[in-house]
Amino acid sequence: MVAIMAVSWAWLLGAVPLLCLAFWHAADAWYRAAFFLKHGGRGKKKSLPPGHMGLPFLGEMLSFIWYFRLARRPDDFIGAKKRAYGGDQVGMYRTHLFGSPTVVACTSAAAKFVFQAGGDTFGMQWPVPELVGLSSLVNVEGGSHARLRGVIIAAINRPSSLRSIAAVLQPRVVAALDSWADMGTIDASREMRKVTFTNICMMFISMEPSPLTAKIDQWFAGVVAGVRAIPLDLPGTAFRHARKCRRKLNGAFRDELEERRKKTTKSYDDLMSGFMDMEDEEGKKLSDDEVVDNIVNAIVAGYTSTATAIMWATYHLAKSPGTLSKLREENVAIRESKGGSSFITHDDIRKLKYTSKVVEETIRMANIAPMVHRVARRDVEYGGYTIPKGWQVLVFVRSLHIDPNYYQDPLTFNPGRWDEPAKPGTYHAFGGGYRTCPGNMLARLQLTIMLHHLSVGYEWALLNPNAEINYLPHPKPVDGASMSFHKLATK
Ligand code: HEM
């Protein structure tokens, strides 16, 4: 009996680690075998980038969730990999993330390679395309992509359009700041979202705040939650709710299109009218579905990102009194040079050199998009390795922005570092290549306007300066950067 038990224990003790080992290597072996079957053979010396595919089906998602959500140490997620595969190594590694076999680019050289390749090499693959819209900018390639980008850039990213946007935004910004001072204490994250949404509604669809825009805001929250959820269309899931919200948004925006067609005498100077007027080479206009998809896409892309960046600006300034006082000095000086006029123009903004450094440093440190997604449209050779067709390619831009080789003391908020431009290929907060964010100048403009009015007229202090940071879905302090908020005594 004792002997049988001893043998069973020996089996168990030997078998369990072996099984665990086999389980751990199963997915990696599977992908390597599939690669060998396709690319192996006499004379062919192709291999996958170094790395490991993680657990079967899950890949390295548990590790991602652990570092980003639970341990709140997002930089450790990639740190060890970067040490192993960055430096003199290829700067890319294989893994399995977000349900796909993946190659992660983690150095500036590897990022440059991905960004400089065209869409026929590394295209775009949005995780749940239907929620943002199959015909939206992020989901199309080639000529349609270039034309839609052209409309967005003309409407919101050119100096001429930014000039009029600066004038439209400011009364709303000033009204919001005054209302915060009346409140005395604010949840900065929530308030920045409100004011950003109000501005977006004006710029993109010419809608003043109303019960309808409040509903649209809620439906957007539903869609965004669904984009990041597991795509299971079952009762109670975030994905089903997102699809419902998306249908409601379609209804609201289609009604708006109908209204505009009836009001033939009224002209609109906004993004929606840009899409309505757009024509292809044959003079064909966009369908209503295409207009709606692209408005939804623009709002999804430009709303939370901008609001989060503005929140981080107030957060860092609250912790950096020296920076705030230099910012204030520059902005008060420009206001005085204009005889105390309360609104600045786009031309004034160009003179705010220090403010632009605060903006850039905020965006670098916020790392609103930690990674940029692509998909290999064909087998791609890089550094002696092959990225197989169909694999997801992630450029981990966060890891560039916090790399001490590229930024001295990278976790310190230091606008002065922008006295010199970033080293080429090390700053990709707005992505890169043919998909670079077409709203980047609008985002910078909104931040600058907010910083101007905040610094000349208000003071604020974080209620919990040591609050922990959540990194998913977007980085923000757990208390939403709650702060006391008052008018400056001189105002
Ligand atoms: C601080 C604010 C913002 C950040 C950090 C940000 C970041 C990004 C990033 C990383 C991408 C992916 C680029 C790539 O794939 O290479 C992107 C794409 C995009 N962004 Fe932004 N963005 C911001 C604000 C805005 C605003 C205000 C708009 C206004 C409409 C906007 C519209 C878009 C669109 C439409 C795309 C898709 C571009 C394409 O696929 O061609 N973004 N953004």
Side-chain angles (χ1 to χ4, degrees), residues 149-174 176-177 192 195-196 199-200 202-204 269-271 274 302 305-307 309-310 312-314 316-317 320 322-366 368 413-424 426-432 436-458:
R149 268 184 80 88
V151 172
I152 298 188
I153 287 168
I156 60 169
N157 226 41
R158 284 212 181 112
S160 53
S161 37
L162 292 170
R163 196 159 282 128
S164 49
I165 288 174
V168 171
L169 298 189
Q170 288 184 73
R172 286 168 185 80
V173 168
V174 169
L177 297 187
M192 306 302 177
V195 65
T196 306
N199 284 334
I200 277 189
M202 277 314 294
M203 291 183 290
F204 294 2
D269 181 18
D270 60 14
L271 188 58
S305 54
T306 309
I310 300 173
W312 278 111
T314 55
H316 288 302
L317 289 169
S320 320
T323 303
L324 177 56
S325 97
K326 277 171 93 171
L327 181 78
R328 189 165 277 147
E329 204 178 300
E330 181 175 75
N331 282 277
V332 167
I334 200 111
R335 178 167 286 196
E336 282 171 358
S337 75
K338 292 162 60 69
S341 155
S342 44
F343 295 147
I344 47 170
T345 63
H346 187 246
D347 294 325
D348 300 328
I349 287 172
R350 290 167 189 236
K351 295 180 199 148
L352 294 171
K353 301 288 180 213
Y354 187 71
T355 310
S356 79
K357 293 174 196 167
V358 176
V359 166
E360 232 49 68
E361 182 68 345
T362 300
I363 294 172
R364 177 189 74 86
M365 288 214 40
I368 293 157
F413 182 73
N414 173 19
R417 73 173 79 248
W418 295 93
D419 291 346
E420 299 292 327
K423 289 180 193 158
T426 62
Y427 183 53
H428 282 293
F430 292 105
T436 299
C437 173
N440 70 84
M441 293 313 291
L442 175 62
R444 289 178 167 111
L445 176 87
Q446 293 185 85
L447 261 162
T448 311
I449 287 177
M450 191 53 108
L451 287 178
H452 172 74
H453 291 287
L454 278 166
S455 63
V456 295
Y458 302 88

- Message: Run the side chain to side chain contact (heavy atoms under 4.5 Å, CB included) test on R364 and W418 for me, step by step, so that the C-alpha distance in whole Å, both residues' side-chain angles and the decisive distance to 0.1 Å come before the verdict.
- Response: CA-CA 11 Å; R364 177 189 74 86; W418 295 93; 4.0 Å; yes
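Judged purely by atom type and a 3.5 angstrom limit, T323 has no side-chain atom pairing as donor or acceptor with the backbone of L317. Checking side-chain atoms of D348 against main-chain N and O of T345 turns up a donor-acceptor pair under 3.5 Å. In terms of modelled atom types and a separation under 3.5 Å, the side chain of N157 and the main chain of P438 share a donor-acceptor contact.
Distance check, rounded to the nearest 0.5 Å: CD1 of I368 to OG1 of T306 gives 7.5 Å. Going from atom CG of L442 over to atom CD1 of I153 covers 12.0 Å, rounded to the nearest 0.5 Å. In this structure, N331 CG and T355 OG1 are separated by 4.0 Å, a value rounded to the nearest 0.5 Å. To the nearest 0.5 Å, the span separating CD1 on I344 from CG on L352 amounts to 5.5 Å. Atom CE of M203 and atom CG of L271 lie 9.5 Å apart (nearest 0.5 Å). The CD atom of Q170 sits 11.0 Å away from atom CE of M450, with the distance rounded to the nearest 0.5 Å.
With respect to the salt-bridge test (charged N to carboxylate O, under 4.0 angstrom), the residues K353 and E330 do not qualify.
Nearest approach of A154 to S161, heavy atoms of both residues: O-OG, 3.1 Å. Between L327 and S455, the shortest heavy-atom contact is CD2-CB, 3.8 Å. Of all the heavy atoms in I363 and A429, the pair that sits closest is CG2-CB, 3.5 Å. Here the closest non-hydrogen pair linking V151 and G274 is CG1-C, 3.6 Å. Shown here for A422 and T426, the closest heavy-atom pair between the two residues is CB-OG1, 3.7 Å. Of all heavy-atom pairs spanning L451 and A313, the tightest one is CD2-CB, 3.9 Å.
Side chains of H453 and F343 form a contact here, defined as non-hydrogen atoms less than 4.5 Å apart. With a 4.5 Å cut-off on side-chain heavy atoms, I156 and F204 count as touching. In this structure the side chain of P159 reaches within 4.5 angstrom of the side chain of R350, judged on heavy atoms. Residues Q446 and V173 fail the side-chain proximity criterion, which asks for heavy atoms closer than 4.5 Å. Residues R335 and S342 are in side-chain contact: their nearest non-hydrogen atoms beyond the backbone lie under 4.5 Å apart.
For residues 162-173, the salt bridge (Lys or Arg N to Asp or Glu O under 4.0 Å) pairs, not counting sequence neighbours, are R163-D347, R172-E208.
Applying the side-chain contact (heavy atoms from CB on, under 4.5 Å) criterion to H316, with sequence neighbours excluded, gives W312, M365, F413. Every residue meeting the salt bridge (Lys or Arg N to Asp or Glu O under 4.0 Å) condition with E360, not counting sequence neighbours, appears here in chain and number order: R444.
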